Trainee: 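Next up is a structure, given as structure tokens.
A, B, ... follow the sequence lines: proteins, then strands. Residue 1 opens every chain. Keep in mind it's a predicted model, so treat the numbers as computed, not measured.
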There are 2 protein chains.
Amino acid sequence: MATGRTHRPATRSRGIPEATVARLPLYLRALTALSERSVPTVSSEELAAAAGVNSAKLRKDFSYLGSYGTRGVGYDVEYLVYQISRELGLTQDWPVVIVGIGNLGAALANYGGFASRGFRVAALIDADPAMAGKPVAGLPVRHTDELESIISDNGVSIGVIATPAGAAQQVCDRLVAAGITSILNFAPTVLSVPDGVDVRKVDLSIELQILAFHEQRKAGEETTPATTPAVSPAIAPKTTPAAPSRTAAGAGAPAGAGSRKGPDGDVPAVMPA
Amino acid sequence: MATGRTHRPATRSRGIPEATVARLPLYLRALTALSERSVPTVSSEELAAAAGVNSAKLRKDFSYLGSYGTRGVGYDVEYLVYQISRELGLTQDWPVVIVGIGNLGAALANYGGFASRGFRVAALIDADPAMAGKPVAGLPVRHTDELESIISDNGVSIGVIATPAGAAQQVCDRLVAAGITSILNFAPTVLSVPDGVDVRKVDLSIELQILAFHEQRKAGEETTPATTPAVSPAIAPKTTPAAPSRTAAGAGAPAGAGSRKGPDGDVPAVMPA
DNA sequence: ATGCCTTTGTGAACGCGTGCACAAAGATGG
DNA sequence: CCATCTTTGTGCACGCGTTCACAAAGGCAT
């Protein structure tokens, strides 16, 4: 998936492990589905299967919340939905601002999953004056100038950044200065924030690259391993023969990598980010 | 962030830890930025700062790839860009199909990060006949009927699912049957796939819920802890007084959670997923 | 050529997360 | 009321990932 905490080990919130917190929404979703089908109780085995996790892990996760199950029976669906919702803070309303109303921002604004679950889009903000006032997903786009007032007026504490990479840090700084303490970042940049501010990032290209890695690995193992000889199990010996000429190569333009044919593949294609 | 592997511990690909693989794209991005600025070499300390990680971690990560640095100097930027690109499989072309051209699918199709880095959108696929032929991001939308032929004709091995949750598993099954072995799932569902198929998921609402958890925690600690008494440090005693009446409560409609006022908060709001 | 200074590469310790396996708890039937 | 059967809750061990800290390596100045 495309998630990843940003440094700061999250300080083991109130004894609940971060890994468990990350799975609670998964359980909640499965439980909600059961609830809609009016299923009264569910065993750890069944629920684990629905959530795609190990049943022992699920039980241990729930044990951090308390003893909400009944031995020999399982868990009461409604009760568990309530407990997890409360634990995640979904029993209250969370106003959210989305900054950067391009293709992605508009898609997020229209995303149904936002409205439910206690999240409410308080405002859509964009730097383009031409966008101002234009309705997106039923809300008029506001200009960046209003960012600070919107946040303080609505008591917003969660911000979503969907701007281009170049603007992300600047927007982030303004959000933080305005009082935002949680940020969901869709821009392909590492954001630096002061302590006390949580950042989670969603990065499409990183996810794709991870998939490509495994894909390449599959291809290299199944077919002729000669096509990707670079993927040899042995660690390359130190002092790689092709490396040394660096001070000379790097001095000019980014042409070094292209012309350097290493001991492995010869595909030079290295393009900008 | 919004990522998360799906079961299957990834089998420690070729000795490179999964956690390291997940960071390589981050390093690559930072290195590419340096490359564009024609910076010849970079130290582990500098690069780590740019990527937002610990320098020791970065050095260990690189050590899995080989000894590409020079002691006393640092790493050659161009060379490292090439090595990481090759390791990630970005020196080859990866055709990708996007299924589900709604708001999100269209946003993804327009995403610039796709085109660069070796990923090429081979086709946009949607189930709505009205969408067929309509151009999105310069490509005509194809109908789902053509899914199998598109995949086999273009040798696509990576698929992106941006459909509603209800259709995701079905689309997934067809993609897998057609030969796809890597899936990036944006639909809020747990996909079940056969062994050998990698799934990564990007889930907006999960990310928001995780942020909400921490946000609630911050609020509960800083302000009056009385507003959210549920977040008491003590584990709830077993046999919670409100739980027992389950077979009766769950039998009807999902109204149990709403009326049940636990020992803590009284906000019942529990809405569908 | 020699010594100093910088930076890498990694051995080792630590901590978190996962999964096993089982005892305790409770429901259910006789 | 007792026996049996199901399912939870968790103690324990294992493995991965992170971090520290340092020796080895190489550049650079003298």
Trainee: Rounded off to whole Å, could you give me the CG-to-C1' distance for the B:Asp61 and D:dG17 pair?
Mentor: 10 Å
Trainee: Not counting sequence neighbours, which residues clear side-chain contact (heavy atoms from CB on, under 4.5 Å) with B:Ser44? List them please.
Mentor: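 Expected list: B:Ser55, B:Leu58, B:Arg59, B:Tyr75.
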Trainee: If we check ring-ring contact (aromatic ring centres under 6.0 Å, His included) with B:Tyr68, which of these qualifies: B:Tyr82, B:Tyr79, B:Tyr27?
Mentor: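 Going through B:Tyr82, B:Tyr79, B:Tyr27 one by one, the ring-ring contact (aromatic ring centres under 6.0 Å, His included) with B:Tyr68 is satisfied by B:Tyr79 alone.
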Trainee: Just jot down the side-chain contact (heavy atoms from CB on, under 4.5 Å) partners of B:Ala165, sequence neighbours excluded, or say none.
Mentor: B:Pro188, B:Thr189
Trainee: Among the candidates C:dG9, C:dA21, C:dG17, find the nucleotide nearest to the side-chain atoms of B:Arg59.
Mentor: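 Nearest listed nucleotide: C:dG9.
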Trainee: Testing the basics here: between B:Ile183 and B:Cys172, what is the closest heavy-atom pair and its distance to 0.1 Å?
Mentor: CD1-SG, 3.7 Å
Trainee: B:Tyr27 has an atom OH; how far is it from atom P of C:dT8, in whole Å?
Mentor: 13 Å
Trainee: Give a yes/no answer on whether the side chain of B:Asn54 brings an N or O atom under 4.0 Å of OP1 or OP2 in D:dC20.
Mentor: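 It does, given that an N or O in the side chain of B:Asn54 lies less than 4.0 Å from OP1 or OP2 of D:dC20.
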Trainee: At what distance, to the nearest 0.5 angstrom, does CD1 of A:Ile210 lie from CG of B:Leu184?
Mentor: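 A:Ile210 CD1 to B:Leu184 CG: 10.0 Å, rounded to 0.5 Å.
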Trainee: In whole Å, what is the span from the CD atom of B:Glu18 to the P atom of C:dT18?
Mentor: 14 Å
Trainee: Measure the distance from CG on B:Leu24 to C1' on D:dG17 and round it to the nearest whole Å.
Mentor: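 Rounded to the whole Å, the gap is 15 Å.
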Trainee: Expressed as a whole number of angstroms, how long is the span from A:Lys57:NZ to D:dT8:P?
Mentor: 17 Å
Trainee: Could you tell me which non-hydrogen atom of B:Leu26 sits nearest to which non-hydrogen atom of B:Ala51, and how far apart they are?
Mentor: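 Taking every non-hydrogen atom into account, CD2-O, 3.6 Å.
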Trainee: Find which nucleotide of DNA chain C each of B:Glu45 and A:Arg23 is nearest to by heavy atoms, and output the residue with the more 5' nucleotide.
Mentor: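 Final value for this comparison: B:Glu45.
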Trainee: For nucleotides 12-14 of chain C, give me every protein contact, N/O to N/O, under 3.5 Å, one pair per line with atom names.
Mentor:
from   : atom 1 : to      : atom 2 : distance (Å)
C:dA12 : N6     : B:Lys60 : NZ     : 3.0

Trainee: Figure out the OH/P separation between A:Tyr64 and D:dG9, and round it to whole Å.
Mentor: 13 Å
Trainee: Could you run down the sub-3.5 Å N/O contacts of the protein with nucleotides 3-7 of chain D?
Mentor:
from  : atom 1 : to      : atom 2 : distance (Å)
D:dT7 : O4'    : A:Gly72 : N      : 3.0

Trainee: Sequence neighbours left out, what passes side-chain contact (heavy atoms from CB on, under 4.5 Å) with A:Ser205? Give chain and number order.
Mentor: A:Asp203, A:Gln209, B:Arg29, B:Tyr111
Trainee: Test: ring pair (Phe, Tyr, Trp, His ring centres under 6.0 Å). Region: residues 184-206 of chain A. Which pairs qualify, not counting sequence neighbours?
Mentor: none
Trainee: Whether the side chain of B:Gln216 engages the backbone of B:Phe213 through a donor-acceptor N/O pair (distance < 3.5 Å, no angle test) should be reported.
Mentor: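 Not confirmed, B:Gln216 side chain does not pair with B:Phe213 backbone.
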